Amino acid sequence: MKPHTLSILVENKPGVLSRVAGLFTRRGYNIESLAVGTSEEPDMSRITVVSIGDDEAIEQIKKQLNKLIEVVKVTDLTYVDHVAREIALIKVQAEPGSTRAEVMQLADHFRARIVDVGKKTVILEVTGDTSKINALESLLDQYGIKELVRTGKIAMPRGSRAGAPKSR
Amino acid sequence: MKSGAKILFESLAKEGVDTIFGYPGGSVLPIYDELYDSDIRHILVRHEQAAVHAADGYARASGKVGVCLATSGPGACNLVTGIATAYMDSTPVIAITGQVPTSLLGRDAFQESDITGITLPITKHNYLVPRTEELGRIIHEAFYIAGSGRQGPVLVDLPKDVTTGTADYDMESDSLVSLRGYQPTLQGHRLMIEKAIQRIAVADRPLIYAGGGVISSGGSEDLVRFAEKWNIPVTTTLMGLGAIPCDHPLSLGMLGMHGTEYANYAVTECDLLIAVGVRFDDRVTGKVEAFAPNADIIHIDIDPAEIGKNKRVDIPIVGDVKIVLRQMLHEDNHESVPRQWNERIEQWKRDFPTSYPDDGKLRPQFIVKELSDILDGRGIIVTEVGQNQMWAAQHFCFRRPRQWISSGGLGTMGYGFPAAIGAAVACPGEPVFDIAGDGSFQMNIQELATVAQYNIPVKIAVLNNQYLGMVRQWQELFYERRYSYTELTPVDFVKVAEAYGVPGLRVDRPEDVRPAFEAALAADGPFVLDFRIEREENVMPMVPAGAAINEMILGERK
Ligand SMILES: Cc1ncc(C[n+]2csc(CCOP(=O)(O)OP(=O)(O)O)c2C)c(N)n1
């Protein structure tokens with residue numbers, strides 16, 4: 001059982017997202033993260049899903065995804081060299097004075113940006129792979145995280161290879 | 001400019017639809033009004049579930065796409081069981097449903113239900129048609145999707161304003177279907193086919209395991225030629241009955257939970273299993289690890305997701321069964337070989353025939369056998385679900401594909417009678433029998449009104465044991481005969497039939513069975529036969545759930 005990152009190119013039609021998500025729930029697999037947005041083609045979207053399962057189960061999900069009429073291509077990035085990112089917005093308790101300075105210093109280390117400053121809080125914007133954001137999150141925990149949003153992971157294979165690589 | 005309703009019928013006509021099964025309501029009024037002037041035949045059922053089962057039976061009997069129509073909300077919801085039934089057995093069905101006007105969508109309007117949401121996991125694909133302009137194209141796409149690749153049900157939901165609104169419909173351009181994400185693989189991969197043939201050539205104990213994919217691809221004749229060429233015995237699934245004539249020397253009958261003893265022994269001992277258009281269902285395999293434990297497996301299927309889903313496969317071949325079999329027949333020029341294995345199987349067949357006591361009692365197996373003898377290769381047998389279904393599968397001799405119609409994957413009680421209506425409408429002149437249990441028949445018994453109204457010549461043979469027999473059998477074997485809520489009050493089905501205007505006969509003795517069937521066949525319309533069978537008869541052999549396929553409970557022998 002390990003996290004698999006699937007990149008799914010779909011036709012932009014109503015209901016596609018529920019069809020895709022439904023395949024995971026129907027087999028009892030959790031979606032760890034899901035991100036959707038437009039792609040390089042105007043009438044296509046790209047869905048990035050991270051799900052945890054053994055290779056066999058994920059293989060079956062890929063096959064079932066491929067059966068969906070609007071799914072054009074499924075790429076399993078798990079065994080492919082790829083770049084993965086997500087964005088988080090984190091609102092932290094940071095009173096003016098020494099704690100705020102500490103938080104800002106932390107942000108600096110993580111190349112996070114301060115995008116809002118309130119009376120008692122600041123909002124950090126951080127981009128990176130999942131583990132970097134996890135790390136920042138746990139460090140900020142001590143100051144008190146008031147609110148946190150993550151986009152879910154988006155990913156892309158490195159280099160010129162755009163086609164669906166054969167996994168394993 | 002044409003109304004959506006008009007576009008609907010023009011596109012249906014272009015798809016060659018001659019019959020639809022349906023039930024009206026408010027949101028499909030514009031469609032019914034258009035239907036009034038249409039050449040398409042409409043059969044008014046008495047419950048929407050029957051409409052979808054009838055469309056399914058029509059499709060299975062004819063090989064064409066079946067069509068049903070229902071109103072929004074309750075009408076659409078009543079289709080759900082039938083859609084799921086068609087989905088599990090990969091039957092090409094188009095379900096057209098009415099929907100509230102687009103302006104009311106999502107407002108819990110009167111008779112609104114999110115039927116595309118509800119049917120998401122039980123359709124091959126579904127559509128909520130957003131605008132009249134898209135209606136024609138979507139209907140053509142729906143037919144293409146339902147009838148190609150691995151076939152299945154497609155639902156098209158039509159808001160009322162889409163059917164009353166107007167748009168241009170151009171048959172030529174709208175019927176040109178192009179779907180980027182849907183391109184079924186039909187040809188088998190050459191290298192895999194070569195590999196398969198090399199493996200077959202060196203097999204000592206090969207066995208073909210054939211299923212519904214053989215029937216739906218139209219590949220039965222090629223399957224038999226292939227089996228004969230290589231002299232390989234063939235066992236079929238419930239869905240594959242008729243893929244090889246039951247009296248063919250290479251036929252082993254059905255395998256699995258209620259399969260023949262010899263088929264189940266053969267699977268256990270084979271060294272090569274050639275799985276054709278099957279999906280390794282748990283009712284077939286029993287305990288998966290003990291299924292064909294010593295065999296290499298070649299799997300031919302149109303759906304890549306079936307390969308390796310339940311059982312590891314050595315040589316996968318994705319493609320249309322008929323096309324792949326032809327490729328394989330074309331590739332090889334081997335002579336068929338005599339094998340000790342085949343003799344061994346012959347011996348098993350002689351030693352372990354599927355039999356039942358012959359003691360003058362009215363036994364269901366005998367009734368099915370009599371019908372099989374009388375029809376002698378003619379006719380279509382549709383069944384309900386339960387013991388009746390298994391007795392029919394075991395004791396009727398199926399000689400050709402599409403002669404057997406039954407709910408395999410979902411096991412839907414109430415399927416048989418309406419599906420028989422569909423089959424009878426699709427194949428006029430063929431005798432069509434619904435072999436029923438008294439429980440199942442009562443799940444769609446109201447369709448007696450439909451067969452009476454249109455004089456549809458379906459013959460219903462109720463194997464009346466006054467039990468939910470199959471469940472009672474499990475209670476007998478696995479729950480110490482505690483018959484918790486499986487006893488049914490006796491029903492006089494002849495009287496019920498008469499109330500609907502359908503003639504019937506009650507049969508209590510074996511010697512009356514044949515004359516009763518003859519009377520049913522002689523009637524030019526529907527007929528009900530109420531067979532009062534031995535109440536606690538069981539279906540044997542039986543593999544208990546989860547046991548290995550060769551660990552059968554056996555019945556009394558002759
Ligand atoms: C709609 C539905 N409900 C429940 C079941 C569970 N079930 C399977 S077989 C069976 C009994 C069928 O009884 P009957 O139709 O009288 O046939 P018999 O087994 O006696 O031949 C039941 C309740 C089912 N298959 N379908």
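This is a predicted model, so every value here is computed, not measured. In the text below, chain A, chain B and the rest are named by the order of the sequence lines, each starting its count at 1.
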- Message: Would B:Asn126 and A:Arg19 count as a side chain to side chain contact (heavy atoms under 4.5 Å, CB included) here? Give the steps.
- Response: CA-CA 10 Å; B:Asn126 63 21; A:Arg19 284 181 212 280; 2.9 Å; yes
When rounded to the nearest 0.5 Å, the distance separating NZ of A:Lys67 from NZ of B:Lys124 is 8.5 Å
Is it true that, when you exclude A:Met156 itself, more than 12 heavy atoms of the residues, nucleotides or ligands shown sit nearer than 6.0 Å to its CE? no
The interface call for B:Ile307 against chain A, heavy-atom contacts under 4.5 Å, is both
pair B:Leu128-A:Pro14: side-chain heavy atoms closer than 4.5 Å:
no
Cut-off 4.5 Å, heavy atoms of chain A, and the answer for B:Asp303 is side chain
Quiz item: Are more than 12 heavy atoms from other residues, nucleotides or ligands located less than 6.0 Å from atom CD1 of A:Ile154?
Solution: no
Correct closest heavy-atom pair for A:Gln64 and B:Ala305 would be NE2-CB, 3.7 Å
Report task. Inspect the surroundings of CG in B:Asp108 and state if more than 12 heavy atoms from other residues, nucleotides or ligands are less than 6.0 Å away. Result -> no
So CD of A:Glu11 and OH of B:Tyr182: to nearest 0.5 Å the spacing works out to 13.5 Å
Review point. Does a sphere of radius 6.0 Å around NZ in A:Lys146 hold more than 12 heavy atoms from other residues, nucleotides or ligands, not counting ones at 6.0 Å or beyond?
Key: no
If you tally heavy-atom pairs under 4.5 Å between each of A:Gln60, A:Arg26, A:Lys13 and chain B, the highest tally belongs to A:Gln60
- Check whether more than 12 heavy atoms from other residues, nucleotides or ligands sit under 6.0 Å from atom CZ of A:Arg113, and answer yes or no. no
Honestly, the part of A:Leu68 sitting under 4.5 Å from a heavy atom of chain B is backbone
Please check if the number of heavy atoms outside A:Glu40 that lie under 6.0 Å from its CD is greater than 12. yes
Kindly indicate whether the side chain of B:Glu306, heavy atoms from C-beta on, has any atom under 4.5 Å from the side chain of A:Lys63. no
Here the gap from A:Glu41 atom CD to B:Arg180 atom CZ, rounded to the nearest 0.5 Å, amounts to 4.5 Å
If you count every heavy atom of other residues, nucleotides or ligands that lies below 6.0 Å from A:Lys132 atom NZ, does the total exceed 12? yes
